[in-house]
Amino acid sequence: MKKIISVLLTCVLLVGCMFTLASCGGPNADPDKALEALKSNEYTAAEDKYVIPGILTLAGVKDLDTVISGTKVDKENDDKVEHVTVIYFEDADAATDAWDKVKEYAEDDKDEEDTDWVINKSGAMIYWGTKAGVAAAG
């Protein structure tokens with residue numbers, strides 16, 4: 001009986017750890033908090049209400065809420081440019097519907113030197129950039 005309880009508690013602990021790890025690494029779900037996090041991590045960050053939303057709207061992407069982006073030159077790493085772009089949609093369904101078009105747009109934004117470039121969808125947002133940029137928006 002003690003072994004069963006021990007194994008059960010270990011499984012519960014492992015599941016909790018997996019949820020904790022899965023929630024790390026992405027941008028904040030609140031655009032204001034993500035923008036604040038970028039600025040506190042010394043990124044040049046801004047909310048974009050016209051350029052990227054306009055381009056994506058012309059490409060047929062609908063229900064955009066807001067877009068934030070941030071850039072930082074990493075002086076300690078050969079002046080590597082860290083960057084992130086986060087598109088917030090009105091709901092998760094809109095983000096799912098837009099995934100293919102946004103992914104195509106994001107691929108065009110990828111720099112050949114970005115070996116740590118990522119793109120992902122999480123809930124009502126799609127984000128891409130360098131891993132450090134994405135983490136800085138968290």
Side-chain angles (χ1 to χ4, degrees):
M1 183 70 167
K2 288 183 181 181
K3 285 186 177 184
I4 293 174
I5 292 174
S6 176
V7 169
L8 185 61
L9 288 175
T10 302
C11 289
V12 169
L13 180 62
L14 288 173
V15 169
C17 288
M18 288 187 335
F19 279 114
T20 302
L21 289 174
S23 67
C24 296
N28 198 303
D30 180 341
D32 293 330
K33 289 182 181 178
L35 195 58
E36 183 180 310
L38 285 169
K39 289 179 180 179
S40 71
N41 284 305
E42 299 177 357
Y43 278 68
T44 301
E47 183 175 9
D48 179 3
K49 294 185 180 254
Y50 304 107
V51 179
I52 294 174
I55 292 169
L56 291 173
T57 300
L58 289 173
V61 174
K62 298 178 182 170
D63 300 324
L64 281 134
D65 184 29
T66 191
V67 177
I68 65 163
S69 60
T71 305
K72 177 181 177 180
V73 177
D74 186 354
K75 299 286 185 190
E76 296 175 5
N77 192 8
D78 296 329
D79 289 338
K80 182 179 188 312
V81 177
E82 303 290 355
H83 59 92
V84 63
T85 301
V86 187
I87 301 175
Y88 294 91
F89 291 87
E90 291 180 11
D91 55 42
D93 290 337
T96 300
D97 292 344
W99 172 250
D100 290 331
K101 290 178 183 174
V102 172
K103 187 174 181 184
E104 183 179 322
Y105 174 82
E107 292 284 345
D108 291 340
D109 191 40
K110 181 181 177 184
D111 188 351
E112 291 178 16
E113 297 175 15
D114 286 341
T115 57
D116 63 342
W117 189 86
V118 296
I119 181 169
N120 203 353
K121 183 185 104 42
S122 178
M125 67 180 168
I126 297 175
Y127 58 90
W128 69 88
T130 58
K131 289 179 183 177
V134 169

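Just the heavy atoms: all of them, side chains too, but no hydrogens, waters or symmetry mates, feed the values below.
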Original post:
Is the CD atom of E107 crowded by more than 12 outside heavy atoms at less than 6.0 Å?
Top reply: yes
Going hydrophobic residue to hydrophobic residue with side-chain gaps under 4.5 angstrom, can you get from [X] over to [Y]?
X: V102; Y: V118; result: no
X: V84; Y: Y88; result: yes
X: V67; Y: W128; result: yes
X: F89; Y: I55; result: yes

Are any non-hydrogen side-chain atoms of [X] and [Y] less than 4.5 angstrom apart?
X: Y105; Y: I87; value: no
X: E82; Y: N41; value: no
X: K103; Y: I119; value: yes
X: T96; Y: K121; value: yes

Can you tell me if [X] uses its side chain to pair, donor with acceptor, with the backbone of [Y] under 3.5 Å?
X: D48; Y: V51; value: yes
X: D74; Y: E76; value: yes
X: T85; Y: S69; value: no

If you round to the nearest 0.5 Å, how far is [atom2] of [Y] from [atom1] of [X]?
X: W99; Y: N120; atom1: CH2; atom2: CG; value: 6.0 Å
X: E90; Y: L64; atom1: CD; atom2: CG; value: 8.5 Å
X: E104; Y: L56; atom1: CD; atom2: CG; value: 10.5 Å
X: D63; Y: T57; atom1: CG; atom2: OG1; value: 9.5 Å
X: K72; Y: K39; atom1: NZ; atom2: NZ; value: 15.0 Å

Which heavy atom in [X] sits nearest to a heavy atom in [Y], and how many Å separate them?
X: A95; Y: I126; answer: O-CD1, 3.5 Å
X: A136; Y: Y43; answer: CB-CE1, 3.4 Å
X: A98; Y: V61; answer: CB-CG1, 3.6 Å
X: P27; Y: V134; answer: CD-CG1, 3.8 Å
X: T71; Y: V81; answer: CG2-CG1, 3.5 Å

Original post:
Of the options T66, I68, L35, which is the one that meets V86 in a side-chain contact (heavy atoms from CB on, under 4.5 Å)?
Top reply: I68
